[in-house]
Amino acid sequence: MTDSFDDLLEQGLLEPSTDFLERAMSRIGPPRTEPPWRRWARGAALLGGALLGGAQLLAFALAAWTSSAAF
Amino acid sequence: MDDQLISRFQRGERTAFAKLVEHYQRPVIAYLGRLGLSAAEADELAQDAFFRVWKNAAEFDPRRASLPTWLFSIVHNLAVNALRRAHRRGHLPLDAAIDRADESPGPDVMTELERRKHILRNALRRLPVADRSVLALSYFCELDHAAIAKIEACSEAAVKQRLYRARLVLRRLLESEHD
């Protein structure tokens with residue numbers, strides 16, 4: 001293969017269009033952003049769940065202790 | 001591309017995906033150009049390939065293949081399928097495609113560079129797709145013979161053989177153009 005053709009092959013014959021990246025990004029859709037209140041709601045639900053779970057565990061421990069103390 | 005960027009891309013971060021496209025758009029388009037596709041076909045296929053990469057990011061396993069190997073497997077499959085479809089429709093013969101008249105300027109208005117590109121593209125299109133694809137991939141420095149073998153689903157020995165044959169035939173075709 002002659003050198004000039006080899007150079008052309010190396011360059012690849014085609015170049016990406018200037019808006020290639022922009023179109024690729026628009027194709028995957030807008031960024032998945034969530035409103036701030038949803039983050040707060042998720043945090044509150046997590047905290048509430050943890051508190052309830054802790055209270056339940058405490059109640060179970062107390063019940064076990066009182067029943068064992070009664071006998 | 002570093003591992004951190006790859007894991008960010010796998011988590012669905014758009015900025016990481018943008019970096020990936022920025023890094024690989026040129027070699028992907030160049031590969032498709034070396035396969036003998038027109039600019040419009042290459043652009044459409046490359047866009048499809050990057051979209052698939054984004055959609056299937058979770059499927060990428062760095063232990064099984066490197067990112068360029070995985071990406072070029074997707075591009076390769078899309079390109080080969082497109083060439084086969086075109087071949088079945090009779091639009092573009094698989095192993096000896098004819099340049100489309102509407103995409104190429106006449107020889108009288110071509111610059112020297114365009115003329116050389118035209119000759120090279122026509123010569124490439126006369127190579128069997130498997131040989132052409134191996135040759136096209138070999139020009140991307142991030143892919144060694146082992147990676148090309150993975151993309152082409154063949155052995156490394158077959159890659160070397162196809163590469164040798166492709167270069168030999170292409171040289172003959174280009175020399176006959178000069179005569």
Side-chain angles (χ1 to χ4, degrees), chain A residues 1-70, chain B residues 12-15 17-44 46-51 53-55 57 112-113 116-121 123-124 135-136 138-141 166-175 177-178:
Chain A
M1 212 178 321
T2 56
D3 286 346
S4 58
F5 283 115
D6 205 41
D7 289 345
L8 272 181
L9 268 174
E10 189 128 25
Q11 287 158 24
L13 297 165
L14 294 176
E15 291 271 322
S17 58
T18 48
D19 64 344
F20 187 88
L21 174 65
E22 199 184 316
R23 286 186 292 117
M25 294 309 288
S26 70
R27 203 159 165 196
I28 64 167
R32 282 168 282 181
T33 50
E34 57 177 355
W37 64 265
R38 278 191 73 168
R39 235 175 297 155
W40 281 105
R42 198 168 342 119
L46 197 69
L47 190 68
L51 283 173
L52 280 172
Q56 210 167 13
L57 198 67
L58 269 175
F60 175 75
L62 189 68
W65 178 72
T66 48
S67 58
S68 68
Chain B
E13 275 192 39
R14 286 168 58 91
T15 48
F17 177 68
K19 283 218 164 71
L20 184 145
V21 176
E22 245 177 353
H23 184 81
Y24 288 110
Q25 59 178 342
R26 196 170 289 273
V28 165
I29 292 282
Y31 164 66
L32 295 170
R34 285 192 287 263
L35 275 183
L37 295 170
S38 69
E41 288 165 335
D43 183 85
E44 197 185 324
Q47 285 285 340
D48 283 351
F50 281 114
F51 184 65
V53 162
W54 171 256
K55 280 281 199 197
E112 179 57 21
L113 180 67
R116 296 184 83 80
K117 280 186 175 181
H118 183 77
I119 291 169
L120 183 55
R121 197 172 287 125
L124 281 166
L135 181 75
S138 72
Y139 280 91
F140 182 43
C141 61
R167 285 186 166 277
L168 190 74
V169 174
L170 193 61
R171 188 184 296 123
R172 280 184 193 152
L173 286 169
L174 292 172
E175 279 167 1
E177 277 289 333
H178 271 292

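To find a chain, count down the sequence lines: A is the first, B the second, and so on, and within it residues start at 1. These numbers come from a predicted model, not from an experiment.
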| query | If we only count heavy atoms from C-beta on, is the Leu170(B) to Phe5(A) side-chain gap below 4.5 Å? | reply | no
| remark: CG of Asp6(A) to CZ of Arg171(B), rounded to nearest 0.5 Å, is 9.0 Å
| Which value, rounded to the nearest 0.5 Å, describes the distance between Lys117(B) atom NZ and Gln11(A) atom CD? | 7.0 Å
| said: Test your reading of the model: is there a side-chain donor-acceptor pair from Glu22(B) to the backbone of Leu21(A), 3.5 Å cut-off? | reply: no
| task | State, with a plain yes or no, whether a side-chain heavy atom of Arg27(A) is found less than 4.5 Å away from one of Trp54(B). | result | no
| Is it the backbone or the side chain of Ala46(B) that comes under 4.5 Å from a heavy atom of chain A, or both, or neither? | both
| query | Is it true that Arg116(B) and Asp7(A) make a salt bridge, defined as a side-chain N closer than 4.0 Å to a carboxylate O? | reply | no
| said: I'd like to check Asp43(B) versus Leu14(A) (side-chain heavy atoms, cut-off strictly below 4.5 Å). Are they in contact? | reply: no
| task | State whether the side chain of Arg34(B) and the backbone N or O of Leu9(A) hold a donor-acceptor pair below 3.5 Å, judged by distance alone. | result | yes
| Atom CZ of Phe51(B) and atom CD1 of Ile28(A): how far apart are they, to the nearest 0.5 Å? | 8.5 Å
| field | Contact check, side chains of Phe20(A) and Gln47(B), non-hydrogen atoms, under 4.5 Å | value | yes
| message | Heavy-atom pairs under 4.5 Å with chain A: which of Val28(B), Leu32(B), Asp48(B) has the most? | response | Asp48(B)
| task | Name the member of Pro27(B), Gly33(B), Ala42(B), Ala136(B) that forms the most heavy-atom pairs with chain A at distances under 4.5 Å. | result | Gly33(B)
| task | Check Tyr139(B) against Glu10(A) and note the closest heavy-atom contact, atom names and distance. | result | CD2-CA, 3.6 Å
